[in-house]
2 protein chains.
Amino acid sequence: MLNKNDYVPLYEQLRKLLRRQILKGEYKNGDLLPSENELMKMYGITRTTIRKAMEALVREGLVQQIHGRGTFVRFQEITKTVWNFQGFSSLVKERNEIPISKVFQHEVIRKNGEAYLKLRRLRGMSRDDQITWMTLDDSELPLRRFPGLDQYRFEQRSLYATLEKDYQCPPRFVNLDIIPVLSDEELMDYFGLPSIKPLLKAKGQVYDEDGHQIETVSVVYSPVFAFKLARSL
Amino acid sequence: MLNKNDYVPLYEQLRKLLRRQILKGEYKNGDLLPSENELMKMYGITRTTIRKAMEALVREGLVQQIHGRGTFVRFQEITKTVWNFQGFSSLVKERNEIPISKVFQHEVIRKNGEAYLKLRRLRGMSRDDQITWMTLDDSELPLRRFPGLDQYRFEQRSLYATLEKDYQCPPRFVNLDIIPVLSDEELMDYFGLPSIKPLLKAKGQVYDEDGHQIETVSVVYSPVFAFKLARSL
DNA sequence: TAGTGGTCTAGACCACGGT
DNA sequence: CCGTGGTCTAGACCACTAG
């Protein structure tokens with residue numbers, strides 16, 4: 001249940017609890033959540049606290065409140081994008097292709113006294129002995145959060161699968177800036193571009209389900225990728 | 001001051017009031033706002049109400065609260081998300097700027113036996129007698145769905161507000177491709193670019209809440225816009 | 001120590017939706 | 001009508017910052 005003496009605020013505990021239940025499917029899409037009055041009794045806390053938790057869930061888009069009716073699960077899905085959370089590897093595998101990575105940089109760097117694993121990888125797929133490179137990405141991951149992560153070899157291994165399986169820390173949120181850039185010589189070479197072309201770059205942070213930052217990324221996409229954005233309000 | 005009998009909630013009145021004061025320069029960047037206790041006395045309302053207003057200002061990025069020190073103005077310039085469903089006009093108005101449109105094309109075209117209103121508009125905002133152009137957009141709207149829409153003059157009038165108010169048809173979903181493009185002479189001229197730059201273009205369809213297509217759009221964004229993508233799984 | 005924001009309680013009244 | 005969420009009050013205690 002909720003722990004009133006935890007250093008984590010009650011509204012935050014409740015928010016996480018409800019979110020877990022929704023994501024686990026205990027409350028399904030369209031379901032009615034317990035009313036605020038019921039939650040008061042269930043957890044022995046006041047409505048103000050409950051409403052603070054609800055407010056966050058509404059902002060996350062997990063839940064919808066309707067005046068006079070109640071609070072409903074509303075698992076609205078945004079985006080069928082290039083960005084997916086199983087990571088690049090499974091995206092490629094889904095298409096029955098073989099993912100390939102070339103690691104250009106793999107080192108431990110320091111920033112503000114913190115150690116990070118810095119990766120620079122060219123990523124693509126192999127088909128009929130043809131290799132198509134699709135993205136160039138830079139990642140930084142805090143080693144304090146992922147001790148020993150720098151010992152893995154990411155030529156063969158999926159970064160996100162490692163985070164999920166070996167660290168129980170699956171990526172859950174992103175916060176990205178989408179920026180148009182011009183291809184430089186390096187990129188033209190990698191992506192096989194005949195001339196300077198405008199490309200898309202995504203830059204930002206990746207978070208786990210508790211909202212803690214687990215990665216900063218910067219990805220340049222080859223033109224073979226279509227960037228789709230579907231969104232519902 | 002604040003009107004307790006207004007149908008607009010007190011926290012909303014306070015939020016707008018503080019925002020106006022900040023944007024008008026009564027509180028400058030870095031200034032300390034009155035403490036929550038002082039605001040209680042100033043406006044005769046409780047802290048809960050004040051904190052609700054503050055929370056919104058923090059989310060807008062206008063203000064920063066520091067535990068034990070106070071609430072500071074933190075006016076970070078430039079943009080938020082590009083695509084919002086209130087449309088361009090209200091996006092600009094929210095920032096207390098005046099939206100401006102220049103209509104290059106306004107005609108009825110036929111496609112597959114259907115009549116569409118075709119608009120090509122340069123859009124921007126005016127501040128201190130300076131006009132900043134921000135997007136160039138092409139729209140096509142089916143006249144069968146919106147009879148008489150071609151009679152409006154969209155220099156003064158917001159397209160989305162018209163669809164919502166006069167046709168009860170607010171936009172609800174989008175399906176967009178995000179494409180990087182190079183600025184041509186026309187765009188460099190409009191956006192005041194000194195040289196060829198990569199720009200973002202969004203292209204796709206807009207739907208109403210029943211899933212019926214109401215618009216096809218193609219928007220090129222000036223570099224003053226940041227394109228943000230936040231996503232949760 | 002005094003003042004700030006952060007959390008929480010225990011009420012109240014209201015507007016809205018369905019019966 | 002009752003139950004829902006929306007707003008608001010009047011307190012309380014705490015953790016943090018600064019003089």
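All values below were derived from every heavy atom in this structure, side-chain atoms included, with hydrogens, water molecules and symmetry-related copies excluded. Numbered from 1 within each chain, the chains take letters A, B, ... in sequence-line order.
The pair B/Lys111-B/Glu140 meets the salt-bridge criterion, since a charged nitrogen lies less than 4.0 angstrom from a carboxylate oxygen. Contact check on A/Asp137 versus A/Arg123 returns a salt bridge, with a Lys/Arg side-chain nitrogen under 4.0 Å from an Asp/Glu carboxylate oxygen. In summary, A/Lys41 and A/Glu38 do not engage in a salt bridge, as defined by a charged side-chain N under 4.0 Å from a carboxylate O. Salt-bridge formation is detected for the pair A/Arg51/A/Glu36: a Lys NZ or Arg NE/NH1/NH2 atom is positioned less than 4.0 Å from an Asp or Glu carboxylate oxygen.
Among the atoms of the strands shown, only primed sugar atoms or phosphate atoms (P, OP1, OP2) are found under 4.0 Å from some heavy atom of B/Ser35.
Applying the salt bridge (Lys or Arg N to Asp or Glu O under 4.0 Å) test between A/Asp138 and each of A/Arg121, A/Lys201, A/Lys203, A/Arg120 identifies A/Arg120 as the sole match. Between B/Leu149 and the choices B/Thr162, B/Leu119, B/Asp166, the side-chain contact (heavy atoms from CB on, under 4.5 Å) rule is met once, by B/Thr162.
Each of A/Ile45 and B/Leu32 was matched to the nucleotide of DNA chain C holding its nearest heavy atom; the match closer to the 5' end belongs to B/Leu32. Along DNA chain D, the nucleotide closest to B/Pro9 and the one closest to A/Pro34 are compared, and the more 5′ of them pairs with A/Pro34. Residues B/Leu33 and B/Thr48 each lie close to DNA chain C; by heavy-atom proximity, the contact nearer the 5' end of the strand is made by B/Leu33.
Between A/Leu57 atom CG and D/dG5 atom P the separation is 13 Å, expressed in whole Å. To the nearest angstrom, C1' of C/dA12 lies 13 Å from CG of A/Asn37. For the pair A/Tyr7 OH and C/dG6 C1', the interatomic distance rounds to 16 Å; values are reported in whole Å. We find that CD1 of B/Ile50 is positioned 14 Å from C1' of D/dT7, with the value rounded to whole Å. For B/Arg51 and C/dC8, the CZ to P distance is 11 Å, given to the nearest whole Å. Note: CD (A/Gln64) to P (D/dG6) measures 11 Å, nearest angstrom. Rounded to an integer number of Å, the gap from A/Glu55 CD to D/dG5 P is 14 Å. One can place CE of B/Met40 at 11 Å from P of D/dA12, the figure rounded to the nearest angstrom.
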> Given A/Glu12 and A/Arg15, is the salt bridge (charged side-chain N to carboxylate O under 4.0 Å, His left out) satisfied, shown in steps?
Replying inline: CA-CA 5 Å; A/Glu12 182 64 13; A/Arg15 186 190 124 252; 2.3 Å; yes

> Step by step, would you call A/Tyr43 with A/Leu17 a side-chain contact (heavy atoms from CB on, under 4.5 Å)?
Replying inline: CA-CA 11 Å; A/Tyr43 297 110; A/Leu17 175 58; 3.4 Å; yes

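With hydrogens and angles left out, the side chain of B/Arg47 and the base of C/dG6 share a donor-acceptor pair within 3.5 Å.
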Taking only nitrogen or oxygen atoms into account, show me every contact under 3.5 Å that the protein makes with nucleotides 15-19 of chain D, one pair per line with its distance.
residue	atom	partner	partner atom	Å
D/dA15	N3	B/His67	NE2	2.8
D/dA18	OP1	B/Arg69	NE	3.4

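A close approach under 4.0 Å does not occur between any side-chain nitrogen or oxygen of B/Lys52 and OP1 or OP2 of D/dC8. Side-chain nitrogen and oxygen atoms of B/Lys4 include none within less than 4.0 Å of the OP1 or OP2 phosphate oxygen of D/dT7. Taking side-chain N and O atoms only, B/Thr71 has a distance below 4.0 Å to OP1 or OP2 of C/dG5. Under 4.0 angstrom from either OP1 or OP2 of D/dT7 there lies at least one side-chain N or O belonging to B/Tyr11. In this model, the phosphate group of C/dG6 is approached by a side-chain N or O of B/Gln65 to a distance below 4.0 Å at OP1 or OP2.
In the model, A/Glu107 has a side-chain atom that pairs as donor or acceptor with a side-chain atom of A/Gln105 under 3.5 Å. Donor-acceptor pairing under 3.5 Å is lacking for the side chains of A/Thr216 and A/Gln205.
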>> Counting Watson-Crick and G-U wobble pairs with both distances under 3.5 Å, what is the dot-bracket string for DNA chain D, 5' to 3', using [ ] for crossing pairs and | for pairs to another strand?
In response: ||||||||||||||||||.

